[in-house]
Amino acid sequence: KLDQKGSDHCLKMNDRFGFYLTKVAGIDNAHNLHAVHIKDILSTSMGNLQASAQFNYMFDIPWLIQQYPVEFRSKPLLIVHGMQRETKAEYDMAAMNYSNVKLCQAKMEIMYGTHHTKMMLLLYDNGMRVVITTANNIHQDWYQKTQGVWISPLFPKLDKGEASAGDSDTHFKKDLLEYLSAYKLNGLKEWQEHIKQHNMSSAKVFILGSVPGRHLGEKKTAFGHLKLRKILQEHGPSVSEVKGWPVVGQFSSIGSMGPNKDNWLCAEWRESLSTAKGLGGLRTADAPLKLIFPTKDNIRLSLEGYPAGASVPYSIHTAKKQQFLHEYFHQWRAEVQGRSRAMPHIKTYLRMSPDSKKIAWFAVTSSNLSKAAWGALEKKQSQLMIRSYEIGVLFLPQMFGAEKFFEVQDKECQNSGEFPVPYDLPPTPYTKQDRPWLWDIPYKDLPDTHGNMWCPS
Ligand SMILES: O=C(O)c1cnc2c(C(=O)O)cccc2c1O
């Protein structure tokens, strides 16, 4: 048990990055000391809330309202979602009970796209905060899973007339406004205005956004994996420093990516994630790729048991078409954070030194491993086609006063500026017996933590 000081220190250290994991029920509370629950984010200690906007994929509206302190439950709340038809009608019905709740439906004009973005815009009487997370606005996403949360500093209001100023070295404000204006929704105009009126110069992260569309010309590098490539080209580590460093991807769902690695995964996608600063296009030896995705047994033996798999939607139909992928797979192991049994719904990407003691950058985002989220080049690479709304943040060492790289925090609550990577590095490869979790086939051989089998209908 950490003494009071230790735990306070932890909190401070974690404030360094503003990156937290969500609290997990049922593990030693030592592992929750600097984790956050949604009620902590919305609490009066974060500011005197005047209004908020909640962007997400899944909402339990009554549950969400209950997460606000009682004195904030009647403040204006804008819910931004991508639901259509029956589900949209359900949301409209649920919201009717709350006169302060307005709904805003994101346009989904490209097939198979979803509104994955999970973001909170919190307006106080003395400023505003931006929160970007991987958790849906439902109880079970904040209960026994590993989820990521980035909480911005308090952004103070700008004095009149300064509206053009207030951006950071990472052009956080400009990129957030560009992301929101891409919705082309009148319902978002007031929040775009709030953002314009606040000083966001203290933001040290880069925005990684995705917006449905066929992005070309100037906009081609505004979103998806080409935005990450652009940032790494300009601000990333140098080629010589990270030659041969593995790229690590960790996610809770997988899209269809063609019959072999050269279609997309180890072509444009790995190209972007292994980009380094220096001569554009200087081909470095292909970076090793390590993908972290829960095994069937990770899910079976988890705190939630097989039902954890209901949030890990990898279908056998898709898996069958891309067996090549499984060579890259590594187990979910998070002893460092006491979360080996708290299944990942977090999505993270990083570049790791061969000895896994350092990382060149770290991203936490709603984006899973899919072309829909990161984009796929089309028309002779002249345009990037993205299907879904996504948002995440990228941490670069030099923006946080680190020399060249982040040291990896390999024991909880270390007293230094090490980066709290949410899982164990180096990742542990699948054993010969391991199989990736597939959510749409039955498992009747071995019971889960709660003694149940898995029989999807
Ligand atoms: O967090 C999200 O954005 C998200 C999106 N989609 C799903 C699906 C699906 O789309 O079928 C199934 C199960 C979980 C999720 C989920 O957690």
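Ligands are counted one by one from 1 in listed order, and the atoms in each one are counted from 1 as well. Index from 1, following the sequence.
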Task: Contact summary for Phe19 and Gly148, nearest pair of heavy atoms - done: CE1-CA, 4.2 Å

Open item on the list: Taking distance alone, with N or O pairs closer than 3.5 Å, would you say Asn136 contacts ligand 1?
Closed with: yes

Task: Ala373, Pro313, Ser315: member with heavy atom nearest to atom 12 (C) of ligand 1 - done: Pro313

Task: Identity and distance of the protein heavy atom lying nearest atom 15 (C) of ligand 1 - done: Met58 CE, 4.0 Å

Task: Among Lys347, Gln140, His345, closest by any non-hydrogen atom to atom 16 (C) of ligand 1 - done: His345

Task: salt bridge (charged side-chain N to carboxylate O under 4.0 Å, His left out) partners of Lys75, counting only residues at least two apart - done: none

Task: Carboxylate-amine/guanidinium proximity below 4.0 Å for Glu304 and Lys145 - done: yes

Task: Under 4.0 Å to a heavy atom of Ala310 - the qualifying atoms of ligand 1, by number - done: 13 (C), 14 (C)

Task: Closest approach of any protein heavy atom to atom 4 (C) of ligand 1, naming residue and atom - done: Tyr57 CD2, 3.5 Å

Task: Nitrogen or oxygen of Lys118 less than 3.5 angstrom from that of ligand 1 - done: yes

TODO: Examine the proximity of ligand 1 to Ser366 and report which part, side chain or backbone, both or neither, has a heavy atom under 4.0 Å away.
DONE: neither

Open item on the list: Looking only at the side chains, is there a donor atom on one of Gln331 and Thr295 sitting less than 3.5 Å from an acceptor on the other?
Closed with: no

Open item on the list: My understanding is that only residues two or more places apart in sequence, or in another chain, count here; which of them pass salt bridge (charged side-chain N to carboxylate O under 4.0 Å, His left out) with Glu378?
Closed with: Arg214

Open item on the list: Could you check whether Ser272 and Thr275, counting side-chain N and O atoms only, form a donor-acceptor pair closer than 3.5 Å?
Closed with: no

- [ ] Give the atoms of ligand 1, by number and element, whose distance to some non-hydrogen atom of Trp439 is under 4.0 Å.
- [x] 11 (O), 12 (C)

Task: Donor on one side chain, acceptor on other, Glu268 and His225, under 3.5 Å - done: yes

